[in-house]
S.K.: 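The structure's right below; bear with me while I get my questions together.
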Amino acid sequence: LGDVYKRQEKNQMKKEIVSVMMAACLFASLATGCGTANESETSSKSGSEAASVTSASEEAAGAVSKSGETTTDGERADLVLGATTGFFGAESLDVAYNWDGWIMSIYGISENLYRLDENIEPQPWIAESVETPDENTWVFTIRDGVTFSNGKTVDAKAVKACFERTYEKNERADSTLKIKSMEADGMKFTIVTPEPNPTLLNDLCDPLLGIYDATEEPDEELGVSCTGPYVATSFTAMTDVKMRANENYWGGAPKADTVELKIIDDQDALDMALANGEIDLIAQETANGASKFTDTSKYTTDTVTTTRANFLSFNLKTEGLDDLAVRQAINYCIDREGYADVVYQGFATPCYGIYPDNLAFGGTDGLNLTVDSYDADKAKEILADAGYQDTDGDGILDKDGVNLSFKVLTYSYNDNCIQLADMLQAELSQIGIELSIETQDVLDDPLASGDFDLAILNYAMAPIGTPSYFINMLFTTGASNNYGGYSNEKVDALAAEIGTTSDNDKVVSLTRELEQQVLDDMPFAFVADQQLIFVYSNKVKGVQINPTEYYLVTNTLSVDCLLYTSPSPRDMRRSR
């Protein structure tokens, strides 16, 4: 763990400077949290500054969005929420594009036919009920009174058109839910599957299958019209979205009139923004960040066990990593306990299996674990037995002219993943494996092109409550996120059987069998299962934290219009 501490110390001076500068700039300000500037702040400015503020406010008040509504540009929204790119980062407001449907469900813009509750069980939402005349046919009744944000009625024809467009635009749709045919008749929407699918209701909760108006071309900035409690008024990709309440929302009037979501990838800056009142809530907070907000008279910390995990993906096309012995040695060099205890400060659990143990098919009971502890000496022994030696004295093991020198790729904004990369780099150097670290904001392109040797990833593994979600995304041959090229006929056959089995006990048994095969082949190395942490001002009410990680912005969110004073730079230094 030495390199983790060194990295933190190396950046400490920079963090001190940034924190003090931000706090000093905002020291004199008072945040209302209700969309208006504090009177004392405005009066304390010079004449030219005050005139500038007044001018900006008047300009914002007169600005009109594409939907004809006054925007909140230049004013503070009633609620301002912050997170890193990993939680809030959307490239568009089009449900069918890439993973943006996921983010739009967090934003409170898009909704699905069914919705997952706190037990990850599907409940009726845009559809009010379903009938199954046979095991392949599902007839949904669309709820009366639901409209898109553009005012159009949501009926079966609209849902069918939405699904047709999503399946045309996004290759993940077919692996999410296989559909043989669809029919629309008034408010009756029928799905026929090619084979029995007992988890279809769970599948329909995937945000990729969010409901939107497909009869209109998406707005270049504001995307598609959906059914959620909020409507975007401005959007800057991977940066910021401003929203107003959907006044025709079928589920009841939203309690906050305006909401803004900001992406702040510097963790210290994100924490400072909450402390000084620039934002009201941090979603997916780090353990280190949460430790700064222990004053319960001002802040609330909410946590929930999710299905999200940090793991390594090996590129099986890379020379060296195509050798199971090398992958096994690397697996032994992962200090899972140290990572969970030091980096996550107890907000994570070490993982030697695949799925977290809060799932019926998770944990390690009944599995034969090749790697069940951190053991660098065992890693050295495995490599030596496999014929790897340092033949040229450069400190790097080699075999048949190939050095064990690899590049690991991870997210630039995820400190936890970067720290895992640091730890792994230090550990592997002790056994003769060289590891370089590369970070990028968006990993899709380099992963898809195979421009990596190892990748440290962070995925929700069962957000819709089924094992098939992750299996069909990573483990099956040619799966959408199977970037390392893993392929095993037994895994493919088990995956198909799991997807058509209705007996829950049998699903668990089959999933265990599949997990054992994947663990034996070792195309991945699972490291830690993490908790989702929200930290927010006590003036924020109605927060509902869901283990799926969806549904952050709901119609229940509200804010007390109370003044609070920003902390001094000295207070912030002490809070660290």
Side-chain angles (χ1 to χ4, degrees), residues 1-12 14-16 18-19 81-88 263-275 279-296 298-311 334-351 356-358 374 410-424 426 439 456-461 526-538 540 543 545-547 549 552 572-576:
L1 298 180
D3 273 30
V4 175
Y5 292 120
K6 288 178 183 178
R7 180 186 183 91
Q8 293 170 342
E9 290 171 1
K10 181 178 179 181
N11 292 325
Q12 188 60 35
K14 181 188 76 172
K15 293 178 179 180
E16 289 281 349
V18 170
S19 298
L81 315 180
T84 62
T85 299
F87 201 78
F88 276 177
I263 293 174
I264 304 174
D265 278 333
D266 182 283
Q267 194 63 50
D268 287 311
L270 181 62
D271 295 336
M272 181 63 73
L274 176 61
I279 63 176
D280 305 308
L281 177 149
I282 296 176
Q284 206 178 47
E285 173 65 288
T286 64
N288 185 55
S291 68
K292 302 174 185 179
F293 301 100
T294 57
D295 185 348
T296 57
K298 296 179 180 179
Y299 303 105
T300 297
T301 299
D302 272 353
T303 64
V304 67
T305 299
T306 69
T307 66
R308 181 168 293 278
N310 288 321
F311 63 97
I334 303 171
D335 184 1
R336 292 165 170 85
E337 284 76 15
Y339 182 60
D341 292 343
V342 175
V343 175
Y344 275 101
Q345 299 179 33
F347 286 102
T349 304
C351 178
D357 58 12
N358 63 327
Y374 163 74
T410 194
Y411 318 93
S412 60
Y413 53 82
N414 191 314
D415 287 350
N416 296 330
C417 288
I418 293 172
Q419 289 177 341
L420 176 56
D422 285 341
M423 291 173 63
L424 190 61
T439 64
I456 294 178
L457 302 175
N458 180 268
Y459 283 14
M461 304 173 73
F526 295 89
V527 179
D529 304 315
Q530 70 181 76
Q531 292 184 356
L532 179 62
I533 307 171
F534 283 6
V535 178
Y536 51 92
S537 162
N538 286 347
V540 180
V543 176
I545 182 169
N546 192 288
E549 302 182 13
L552 168 58
M572 281 308 297
R573 288 198 298 272
R574 287 176 176 171
S575 72
R576 292 196 301 278

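Quantities reported herein were computed from a predicted structural model and do not represent experimental measurements. Along the sequence shown, the residues carry numbers beginning at 1.
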S.K.: Check the pair F293, E285 against side chain to side chain contact (heavy atoms under 4.5 Å, CB included), reporting the backbone distance first and the verdict last.
M.R.: CA-CA 11 Å; F293 301 100; E285 173 65 288; 4.0 Å; yes

S.K.: Donor-acceptor pair, N416 side chain versus T286 backbone, under 3.5 Å?
M.R.: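 Answer holds: no.
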
S.K.: Can you measure from OH (Y536) to CG (D302) and round to the nearest 0.5 angstrom?
M.R.: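 Reported to 0.5 Å precision, the distance equals 3.5 Å.
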
S.K.: Of the non-hydrogen atoms in F347 and A287, which two are nearest, and what is the gap between them?
M.R.: CD1-CB, 3.4 Å

S.K.: Checking I418 against D422 for the side chain to side chain contact (heavy atoms under 4.5 Å, CB included) test, could you report, in this order, the C-alpha distance in whole Å, the side-chain angles of both residues, the deciding distance, and whether it holds?
M.R.: CA-CA 6 Å; I418 293 172; D422 285 341; 4.3 Å; yes

S.K.: I need the I456 CD1 to Y411 OH distance, nearest 0.5 Å.
M.R.: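 It is 10.0 Å, given to the nearest 0.5 Å.
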
S.K.: L274 and S537: which non-hydrogen atoms are nearest, and at how many Å?
M.R.: CD1-N, 4.2 Å

S.K.: Please find the pair of heavy atoms, one from G289 and one from D271, that lie closest to each other, and give the distance.
M.R.: CA-OD2, 3.4 Å

S.K.: If you look at every heavy atom in G86 and Q284, which pair is closest and at what distance?
M.R.: C-OE1, 4.3 Å

S.K.: Between Y339 and I334, is there a side-chain heavy-atom distance shorter than 4.5 Å?
M.R.: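 No, too far: nothing below the 4.5 Å cut-off.
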
S.K.: Between atom OH of Y299 and atom CG of N538, what is the distance when rounded to the nearest 0.5 Å?
M.R.: 9.0 Å

S.K.: Between L532 and F87, is a side chain to side chain contact (heavy atoms under 4.5 Å, CB included) present by the stated rule, with each step listed?
M.R.: CA-CA 11 Å; L532 179 62; F87 201 78; 4.1 Å; yes

S.K.: Got a second to check how far D529's CG is from R308's CZ, nearest 0.5 Å?
M.R.: 11.5 Å

S.K.: Distance from L281 atom CG to I545 atom CD1, nearest 0.5 Å?
M.R.: 9.0 Å

S.K.: Which heavy atom of P547 sits nearest to which heavy atom of T306, and what is that distance?
M.R.: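 Scanning both residues completely, I find the closest heavy atoms to be O-CB, 3.5 Å.
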
S.K.: Would you check, one step at a time, whether the test side chain to side chain donor-acceptor pair (under 3.5 Å) holds for Q530 with Y344?
M.R.: CA-CA 8 Å; Q530 70 181 76; Y344 275 101; 2.9 Å; yes

S.K.: Looking at F526 and R336, what are the two nearest heavy atoms and their distance?
M.R.: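 That closest heavy-atom pairing would be O-NE, 2.9 Å.
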
S.K.: Given the rule in the side chain to side chain contact (heavy atoms under 4.5 Å, CB included) test, do V343 and M423 qualify, once you have shown the distances and angles that lead to the verdict?
M.R.: CA-CA 10 Å; V343 175; M423 291 173 63; 4.1 Å; yes

S.K.: For the CD1 atom of I282 and the CD atom of Q267, what is their distance to the nearest 0.5 Å?
M.R.: 6.5 Å

S.K.: Using modelled atom types only, decide if a donor and an acceptor are shared between the side chain of T439 and the backbone of Y413 within a distance under 3.5 Å.
M.R.: no

